Amino acid sequence: MPRTNRRRWSAASAIVTFLASACAAHAAASFQLQRVTPREMPLVPGASTRYVLRITNVGDETGIAPLFAYFWFENRWDPYTLTQSADPRCGPLHPSALDGFTQGQGFETAPIAPGGTLDCDLMISRPATSPRDTSLYWAVRDTTPLYASTSDIALIGTLAETSITTRNVDFSLDQNGIARATVELSVHNGGRATLMEQAAGSCEDTAFRPFFTDGSGPNGCGDDGFGPLCFDRGYGFLIPQLEPGQTHRCLIHLQSFTRYTGSLQYPVEVSWPQQGIGGGTLMDTNRDNNSAVLLLAPTGSGEALSGVPSLGPLALGLLAAVLALAAARTRRSRR
């Protein structure tokens, strides 16, 4: 073989060898998690329910999945518990830490081949004295980023279904171009539990309301000073205790600060999760209908009543703490 061809052959062999070794070095097990049971899992105090987690190896090598169960942070009080699957491939449960400080339970599976699937059937039990709902998702503990592979969240307990809507009743302009509108606010309890009084409003940490809000007068929503606890400030109208199936309706009057030049809107929302009578946390099954907007615009103008973005998982933990503080603040304000 000519020397030039030998050099080319040697270089090509080196490249092939390098690529093969690189591929081998990056071949690894990788896991996807799927919640098989329904997202909403009604569970009364003192009862248990079945939970099925599906683990699939989507990687290139056989591997063991190190799993972590993460309950809602309030689960530290009257904790819901997990009971191990009868399948020995779903290794024994043990205390585990997901990120160095989040404590929970976990287990390691038996080796799962590439493309293989393992269903782990566990039991979730609620303490007989627990007033709180909880949520649960699973994560693969040794992943980067940390939450790269997680199961869908499950909502467990009594559960709530609270919705808020707005409807424009009238609109007018005075001789100075100041706009006024009346909006009907409706909050509905579509769940099975009684809800504590709460505020319907929003924080104004990033932007202030673009109009005055006034809940006085017949069928009015009342004082707008019952907003949530915010970094800067907020507003809110007090919604009374709601029985299952009950709807509260009231009126809010809006007025522009200056001459009206176009539609103005601002979010109004109820909290997720909810607070049940007796102080227990209730997981709301639909966050998407927990928000609406107050709209200063002609009635029938076709303006979209879009809600505010849903909160992410990190913000939900903070919101629950804020909710408890806000409820205490509301009770103090009424004394």
Side-chain angles (χ1 to χ4, degrees), residues 28-43 47-59 61-127 130 132-157 159 272-273 281 283-285 287 310-317 320:
S30 179
F31 300 99
Q32 286 184 350
L33 306 181
Q34 178 186 356
R35 171 184 44 77
V36 178
T37 44
R39 174 177 176 270
E40 300 166 19
M41 304 178 67
L43 187 63
S48 298
T49 190
R50 178 179 174 230
Y51 180 96
V52 180
L53 177 69
R54 178 166 295 162
I55 308 108
T56 302
N57 184 354
V58 296
E61 288 189 347
T62 297
I64 293 171
L67 304 177
F68 178 90
Y70 180 71
F71 279 104
W72 182 252
F73 80 100
E74 285 191 359
N75 197 58
R76 68 192 67 189
W77 300 292
D78 302 320
Y80 288 57
T81 56
L82 284 169
T83 302
Q84 180 58 47
S85 170
D87 190 333
R89 296 175 299 170
C90 304
L93 284 165
H94 55 73
S96 181
L98 180 62
D99 46 22
F101 62 89
T102 304
Q103 299 298 314
Q105 289 180 288
F107 67 89
E108 287 73 41
T109 67
I112 303 175
T117 293
L118 174 62
D119 285 359
C120 290
D121 195 328
L122 303 102
M123 293 296 292
I124 301 173
S125 299
R126 179 177 181 177
S130 173
R132 303 173 180 87
D133 291 355
T134 193
S135 62
L136 172 67
Y137 70 85
W138 289 83
V140 179
R141 194 173 60 242
D142 300 333
T143 56
T144 304
L146 187 60
Y147 302 100
S149 180
T150 59
S151 65
D152 294 331
I153 195 168
L155 306 177
I156 310 161
L159 306 182
W272 188 99
T281 301
M283 292 294 170
D284 198 312
T285 58
R287 281 191 294 158
S310 297
L311 295 174
L314 182 61
L316 293 178

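Quick caveat, the model's predicted, so the values are computed rather than measured. Atom set for the values below is all heavy atoms of this structure, side chains included, hydrogens, waters and symmetry mates excluded.
Contact check for M41 versus R50: no side-chain heavy atoms found under the 4.5 Å cut-off. A 4.5 Å side-chain heavy-atom check between V140 and L33 finds at least one atom pair inside the cut-off. Residues I156 and S135 form no side-chain contact, since every pair of their non-hydrogen atoms from C-beta on lies 4.5 Å or further apart. Side-chain contact between W72 and M283 is present, with at least one heavy-atom pair separated by less than 4.5 Å. Inter-residue side-chain proximity for R126 and D133 is flagged as met; some heavy-atom pair is nearer than 4.5 Å. Side-chain atoms of T49 and T37, non-hydrogen and from C-beta on, never get closer than 4.5 Å to each other. Residues C120 and F107 have side chains in contact (heavy-atom distance under 4.5 Å, counting atoms from C-beta outward). No side-chain heavy atom of I124 sits less than 4.5 Å from a side-chain heavy atom of T81.
Of all heavy-atom pairs between P127 and P79, the closest is CG-O, 3.1 Å.
In this structure a side-chain-to-backbone donor-acceptor pair under 3.5 Å is present from W272 to D284.
Using bins of under 30°, 30° to 60° and over 60° for the plane-to-plane angle, the ring pair Y137/Y70 lands in the tilted bin. Ring geometry for Y80 against F71 counts as tilted: the plane angle lies between 30° and 60°, on a 0 to 90° scale.
If you take OG1 on T83 and CG on D121, they are separated by 11.0 Å, rounding to the nearest 0.5 Å. Here L155 contributes atom CG and L43 contributes atom CG; the two are 12.5 Å apart, rounded to the nearest 0.5 Å. Rounding to the nearest 0.5 Å places CD of Q32 at 10.5 Å from OG1 of T150. Between the SG atom in C90 and the CD1 atom in I55 there is a gap of 5.5 Å [rounded to 0.5 Å].
Scanning for salt bridge (Lys or Arg N to Asp or Glu O under 4.0 Å) contacts around R39 gives an empty result, with sequence neighbours left out. Taking the salt bridge (Lys or Arg N to Asp or Glu O under 4.0 Å) definition, one finds that E40 meets it with nothing, sequence neighbours left out.
Each of T56, N57, T109 was checked for a side chain to side chain contact (heavy atoms under 4.5 Å, CB included) with L118, and the lone residue meeting it is T109.
For CD of Q84, the number of neighbouring non-hydrogen atoms (other residues, nucleotides, ligands) closer than 6.0 Å is greater than 12.
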